[in-house]
Amino acid sequence: MATTENDAGNAADHWTDDDFTPSPRVALHENQKLCKKNLESVVWCVPLEIWQSNVCMGSGLFVGAEVPAGREIYHVNPTMHVLDAGNASICSHCLTDTQEVMGGASKANLETKACASCRVARFCSKKCQKTAWHRYHKDECKILQRAPGMMAQNLMTHRLIFWQQRGFIETSLAESLMCLEDHFDEYSKDPDRATELMDMAMAVREATGSRVSLKVPWRLGPALRTNCVPLRSPSKRDPVGYAFDVVTAMINHSCDPNAHVFFEGDQLRVRSLKKIAAGEEITVSYTPPMLNVASRKVLLDHQYFFDCYCNRCRTELKEQCDLLGDTKQLRALQQARGEILALMNSAVRASKYRGVNPDYENLANVETKLRTILAGPFSPNKSWPESMEPLPCARLSLGMLYLAQGLPVPALRNVLKGALFNSRKDGPEFVNEMMDVVTVLMVAGSLPPEAPAFEDKSFPSVEDIRTVTYGYLLETAHKAAAAFGYDAEYAKGVIDMMSVMAAKKPGPEPGSKEFMGEYGPAQRKMLAWVGVPEENGIVITNAQK
Ligand SMILES: C[S@@+](CC[C@H](N)C(=O)[O-])C[C@H]1O[C@@H](n2cnc3c(N)ncnc32)[C@H](O)[C@@H]1O
């Protein structure tokens, strides 16, 4: 933690009103002494440096030595984190997810209890509750009683200001906050954002007994919005809140990133996705990487105020124009994307709240609607490529919805298409998607011999399904270790699952030469049934030749 109670007394005068008057920002890399101090807070595996970025005007984070693919670059306990409301199974302080199934055997007896006063913050132990109370919850409890659904970054702004008042903020952190990109002008000039910020600033002022100038939250708010990292654990696709760390805030965006950030409990970890040369800048994707180019652009512009001109964006835009044959159709394509997402949201909602919208509970209906949307933007002789987002994502969700309705065969058809048609064959998203595929395969592999699916001669046999399951799990375990590290709970969970299944498996050991002799034909049969080309199949990296 960059803040300690021992720092008390040295920070009340960190910021003056002048600090919060817009002036040209001095980017962090221009103060190398401060950069070095900040870099001391992380546990790095390669030396790190902060310099002028290669992708934008401000600062960026660079590696001082080569990093192979799939390695930890650094880890750190961020300065602070805040959960979004509604994550009842996660401890607000240590971020332990008491309902985590993968690699969470030791948490089986844990549950979180809500703070008796605010009923918002939840803790997994008395120790976490006590520590949180002394560090921040004492001040925030009253705020959460009044505004239980407060946005995570707004609560962080309150926290920083309370810390400043209590003297918990180190000088280096206070100085660094003033060097962050905050897009102050963009926030001030946009009436909606400015109103929202003013409301937050007024709330902070009230909470602190009018002892804080409005200028302080007015500047810290945008800085936190620009520099927070989404709190995402390896097993979850959606973030559960936000964290702030001054070193990670230096990492810039790429649509084809060389690293990724995830959380293991309350520890933020940064790992390489590909080889990073000595002196190269670390980049991560600020948007979910599977988003299409148009959606990425909207998101980056809205939240980070820049237009991305990377090679991936250019190539994807060109591919789409070539496919449509007419740039005017781009708008129709984007509209269809919105309709696909809305359709899938309706289907997911209908599965949660049954009886409210039966039309969307019927997944065959949903597939028919999907087909109609997919046909929309294209001329009759062209169709929506299976690999073009958001179709793969839609297929994956459809598959999991079918599985929840006890229909493994259409579930299998959809998850296989969703996971195999896209080009991701490693990285965190690949691991998550393949775990969905394995889950469906395991259910399909338990179908009784008299199941109607087997009347279709092209449907793979139970033996084939099981062989593919072992093969996919073997590859997923390998890729989970590369993406998250062998020591990550989630990767350990996937590897354990693989070992337990392999130990019970009759016949050849997964990965062995004999196994590969069965895996190839079994996967071919499955791909032929689902209509996925063989080159999209999963190649097992560590197989014996
Ligand atoms: C978390 S900060 C990254 C550090 C920042 N460059 C600095 O100097 O403090 C995010 C901001 O950096 C800039 N940025 C990040 N990646 C970028 C990119 N690929 N192209 C242009 N600007 C980028 C944007 O202004 C964005 O809002």
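In listed order, ligands and their atoms are each counted from 1.
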Would you say Leu300 contacts ligand 1, with heavy atoms under 4.0 Å as the rule?
no

Heavy-atom nearest option to atom 13 (C) of ligand 1, drawn from Leu28, Asn252, Thr283
Asn252

Can Glu175 and Lys37 be counted as an ion pair, charged N to O under 4.0 angstrom?
no

re atom 2 (S) of ligand 1, the protein heavy-atom contact at minimum distance is Asn227 OD1, 3.4 Å

Ranked by distance from atom 4 (C) of ligand 1, the top protein heavy atom is Ala249 O, 3.2 Å

Heavy atom to atom 27 (O) of ligand 1, shortest distance: which of Glu181, Met250, His183 holds it?
His183

Side-chain ion pair, Asp256 and Lys274, N-O less than 4.0 Å
yes

Salt-bridge criterion met for Glu433 and Arg395 (N-O under 4.0 Å):
no

Which residue holds the protein heavy atom closest to atom 8 (O) of ligand 1, what is that atom called, and what is the gap in Å?
Ser59 N, 2.7 Å

Below 4.0 Å from any atom of ligand 1, is there a heavy atom belonging to Gln303?
no

Under 4.0 Å to a heavy atom of Thr226 - the qualifying atoms of ligand 1, by number:
1 (C), 10 (C), 27 (O)

Can you sort out which atoms of ligand 1 are near Gly58, meaning under 4.0 Å from one of its heavy atoms?
8 (O)

Hey, what's the ring geometry for Tyr286 with Tyr304, parallel, tilted or perpendicular (30° and 60° as the breaks)?
tilted

The atoms of ligand 1 lying under 4.0 Å from a heavy atom of Ile251, numbered in the order shown, are 3 (C)

Between Tyr136 and His158, does the ring centre distance come in under 6.0 Å?
no

Tell me which protein heavy atom sits closest to atom 22 (N) of ligand 1, plus the residue, atom name and distance to 0.1 Å.
Cys56 CB, 3.2 Å

Got a salt bridge between Lys492 and Asp487, using NZ or NE/NH1/NH2 to carboxylate O under 4.0 Å?
no

Does Lys36 come within less than 4.0 Å of Glu40, counting only side-chain N to carboxylate O?
no

Stepwise, does the ring-ring contact (aromatic ring centres under 6.0 Å, His included) test hold for Phe484 with Phe262?
CA-CA 8 Å; Phe484 303 111; Phe262 68 97; 5.0 Å; yes

Does this structure show an ion pair linking Glu475 with Lys425, if we count only N-O contacts that are shorter than 4.0 Å?
no

Protein contact to atom 9 (O) of ligand 1 [nearest heavy atom, distance to 0.1 Å]
Arg25 NH1, 3.2 Å

Where is the nearest protein heavy atom to atom 16 (N) of ligand 1: which residue, which atom, and how far?
His253 N, 2.9 Å

So between Tyr304, Tyr286, Phe306, whose heavy atom ends up nearest atom 20 (N) of ligand 1?
Phe306

